[in-house]
Colleague: 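I am attaching a structure below and will ask some questions about it afterwards.
Values in this document were obtained by computation on a predicted structure and should not be read as measured data. As the structure lists them, so they are numbered: ligands from 1, and atoms in each ligand from 1.
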Amino acid sequence: MFDALSTEANTTVQTVFGLEGISVNWQPPREDGHGDLMTTIALQLAKKVGQSPRDIAQKIAAALASSSSIEKIEVAGAGYVNVWLKPAVLLQELKITEAACTAQKARKGEAPVIVEYSSPNIAKPLGIHHILSTIIGQSIANLYEHLGYYVIHWNYIADWGVQFGKLSVAHRHWGTKSIQEYTLDELLTLYVRFHKEVDAGKPELEEEARKEFKKLEDGDAALRTFLDAVVATTKISLAHLYKRLHVSFDVDLGEGFYEDKMAPVIEEGKRTKVFVEGEKGALITNFAESTGLPPYMIVKGDGATLYSTRDLAQMRYRIDTYHPQAIYIVTDIAQKLHFEQLVATCKQLQWEIPAFENILFGRMRFADGKMSTRTGNIVKLEEVIEEGVHRAAHVISSRGESIQTDDPKALAEMMGVGALVYGVLSQNRKMDIVFDWDKCLSFEGNSAPYLMYTHARACSVLRKAKVQHPKMPKDAHTFTTHERTLLSKLLQFPSTIEAARTEHLPHTLANYLYQLCQDFNAFYSADPIVTAPEAERNLRLALTSLTASVLKTGAELLTLRVPERM
Ligand code: ARG
């Protein structure tokens, strides 16, 4: 940010204090009204220089006061240096924000970043909890992609496992049609029935299912056809939901894909003695006591492979096939231990693994405590989306004339899905997520409708002024308080998305967009735009247009959509 100022400040530190190679770090001020930039360099240098931070700050301020980019410079508090920049410098800097509204081209030759998310256990409909991995992952992948990374969006579907044995047994006992004809809901009914019967005194069904799955593992053709049909049905239904959520994948190799890729890994682990015999003939990895990790089971005593075995094979496959620079896997906090053990095992195998993070999130619950369902064991994601769209339609119709739209149905879809998604993404994923429909559908506050409404308002100003992409003026005499606050906020967009990407925290982008909406709305109420004298009008229209672009870009990075009219 502000290259010219940065260079000047670095030179100042060098000449005034004789310190070489210090680079002054400028940040946006923590509160509005404290200038455009601030630095804590004086506090950092105090020890080295042997002077009080305030004295150092005074000296820096005095030396920089004559800078051609600075309008005003002030020392505050314990030794902060606050800077107000000249209008022309600020306006010039907005070009970086403008550029940040366009996705960067993927840098040539750069190794890919694999982002794995959603990864549902299938043969049953997606539950509401699946929304978390799905949209947190999509938004993180979007951020990487937008910032010029070559991203592989990966869905690791659990299309393998004893649940298929159970389904097959249920189908044999109580099935009503041929396997291809079942809907996902009917498959769920079969699955639920299986568990009911087990609970009602038929535990032998479990053993039957285990055997059935073993047959599948041993290559039984009929069971393979069965599994393929179930997977196909599931994928059709998933595709429909993903589309509504603006979620998409490049690779959807599920667990079954690794069936024939585990043996070499098991061999390697045995040969290198990383896998050793555990209880009842199982193969396990033990970790050094200092790691605090319990043993990791790789193969069961009866020879059956596990979730861990497939993830090891998958790690190998991803590295060998894609040579990624990073692998990020978005999951529930419940999987933390599994991935710690997985990475520790890879290290013991002396695999060179790329940057890796298991991007974790907390639990989700509804503010009204409702998380159970009519159908039994899961709250279906689709039902929750439908509820959101239904509620949004009600909000739209109850607002009557104050909402302008040619297509209330499309707007309700956008708002209902958006409310759900934004309600999740505006909260810190590291905490438990509390979801409240009323809050999420409110037009005031940190919500999707507020964001949508503000974007539509900015577009409507541009329509009224009959301009599309007004150019940012090169200079301005001065700024009003609201212009200046809005402008400062707009300047922070590039660093905000960069930080949201590196920290894998989409909520920081959401919160930024919320603040931008507030600043824009304050500006909109205080300063006339379309009717202002020409110089002001041009500046204000340009700020309005840039606000609209930033809101749209930011919303889309969060998988949302915003309307031009509302
Ligand atoms: N299918 C798993 C589940 O729903 C999540 C998969 C996470 N990714 C992985 N590579 N193990 O619990």
Colleague: Under a 4.0 angstrom heavy-atom cut-off, which atoms of ligand 1 come close to Gln314?
Modeller: 10 (N)

Colleague: Using a cut-off of 6.0 Å, state whether more than 12 heavy atoms not belonging to Glu498 lie near its atom CD.
Modeller: yes

Colleague: Among protein heavy atoms, which sits nearest to atom 12 (O) of ligand 1, and what does the distance come to when rounded to 0.1 Å?
Modeller: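 Of every protein heavy atom, Gln335 NE2, 2.9 Å lies nearest to atom 12 (O) of ligand 1.
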
Colleague: Could you see which bit of Ile157 sits under 4.0 Å from ligand 1, with heavy atoms only: side chain, backbone, both or neither?
Modeller: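 Neither; nothing of Ile157 gets under 4.0 Å from ligand 1.
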
Colleague: Does the pair Glu206/Arg210 count as a salt bridge with the N-to-O cut at 4.0 Å?
Modeller: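 No salt bridge links Glu206 with Arg210.
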
Colleague: Which atoms of ligand 1 are found less than 4.0 Å from any heavy atom of Thr331?
Modeller: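 Counting atoms of ligand 1 from 1, those under 4.0 Å from Thr331 are 7 (C).
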
Colleague: Say whether Arg310 and ligand 1 are in contact under the criterion: heavy-atom distance to a ligand atom below 4.0 Å.
Modeller: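 Per 4.0 Å heavy-atom rule, Arg310 does not contact ligand 1.
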
Colleague: Would Asp185 and Lys380 pass as an ion pair if we require N to O under 4.0 Å?
Modeller: yes

Colleague: Does any N or O of ligand 1 fall below 3.5 Å from an N or O anywhere on Glu255, backbone included?
Modeller: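 Between Glu255 and ligand 1, no N or O pair is found under 3.5 Å apart.
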
Colleague: Does this structure show an ion pair linking Arg224 with Asp220, if we count only N-O contacts that are shorter than 4.0 Å?
Modeller: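 Looking at Asp220 together with Arg224, the answer is no, because their closest N to O distance does not fall below 4.0 Å.
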
Colleague: Quick one: look up the protein heavy atom nearest atom 4 (O) of ligand 1 and list residue, atom name and how far away it is.
Modeller: Asn121 OD1, 3.2 Å

Colleague: Could Arg172 and Glu208 be called an ion pair, given the rule that one side-chain N must be under 4.0 Å from one carboxylate O?
Modeller: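 A salt bridge is present here (some side-chain N lies under 4.0 Å from a carboxylate O).
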
Colleague: Which atom pair, heavy atoms only, marks the closest approach of Phe194 to Leu205?
Modeller: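 Smallest interatomic distance, heavy atoms only, reads CZ-O, 3.6 Å.
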
Colleague: Distance to 0.1 Å, residue and atom name: give those for the protein heavy atom nearest to atom 7 (C) of ligand 1.
Modeller: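 The protein heavy atom lying closest is Tyr307 OH, 3.3 Å.
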
Colleague: Please list, in number order, the atoms of ligand 1 under 4.0 Å from a heavy atom of Ile329.
Modeller: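 Those of ligand 1 that fall under 4.0 Å from Ile329 are 8 (N), 10 (N).
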
Colleague: Where is the nearest protein heavy atom to atom 8 (N) of ligand 1: which residue, which atom, and how far?
Modeller: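 The closest heavy atom on the protein side is Glu116 OE2, 2.8 Å.
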
Colleague: Using a heavy-atom cut-off of under 4.0 Å, does the side chain or the backbone of Phe339 touch ligand 1, or both, or neither?
Modeller: side chain

Colleague: Do Asn446 and Tyr422 get their side chains close enough for a donor-acceptor pair, meaning under 3.5 Å?
Modeller: yes

Colleague: Between Asn142 and Glu145, is the side-chain hydrogen bond (donor to acceptor under 3.5 Å, both in side chains) condition met? List the steps.
Modeller: CA-CA 5 Å; Asn142 288 351; Glu145 211 149 41; over 6 Å; no

Colleague: Quick check on contacts: which atoms of ligand 1 are under 4.0 angstrom from a heavy atom of Tyr156?
Modeller: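 Within the 4.0 Å cut-off of Tyr156, ligand 1 contributes 8 (N), 9 (C), 10 (N), 11 (N).
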
Colleague: From the options Lys261, Met262, Met315, select the one residue that forms a side-chain contact (heavy atoms from CB on, under 4.5 Å) with Arg310.
Modeller: Met262

Colleague: Is there at least one pair of N or O atoms, one from Ser119 and one from ligand 1, spaced under 3.5 Å apart?
Modeller: yes

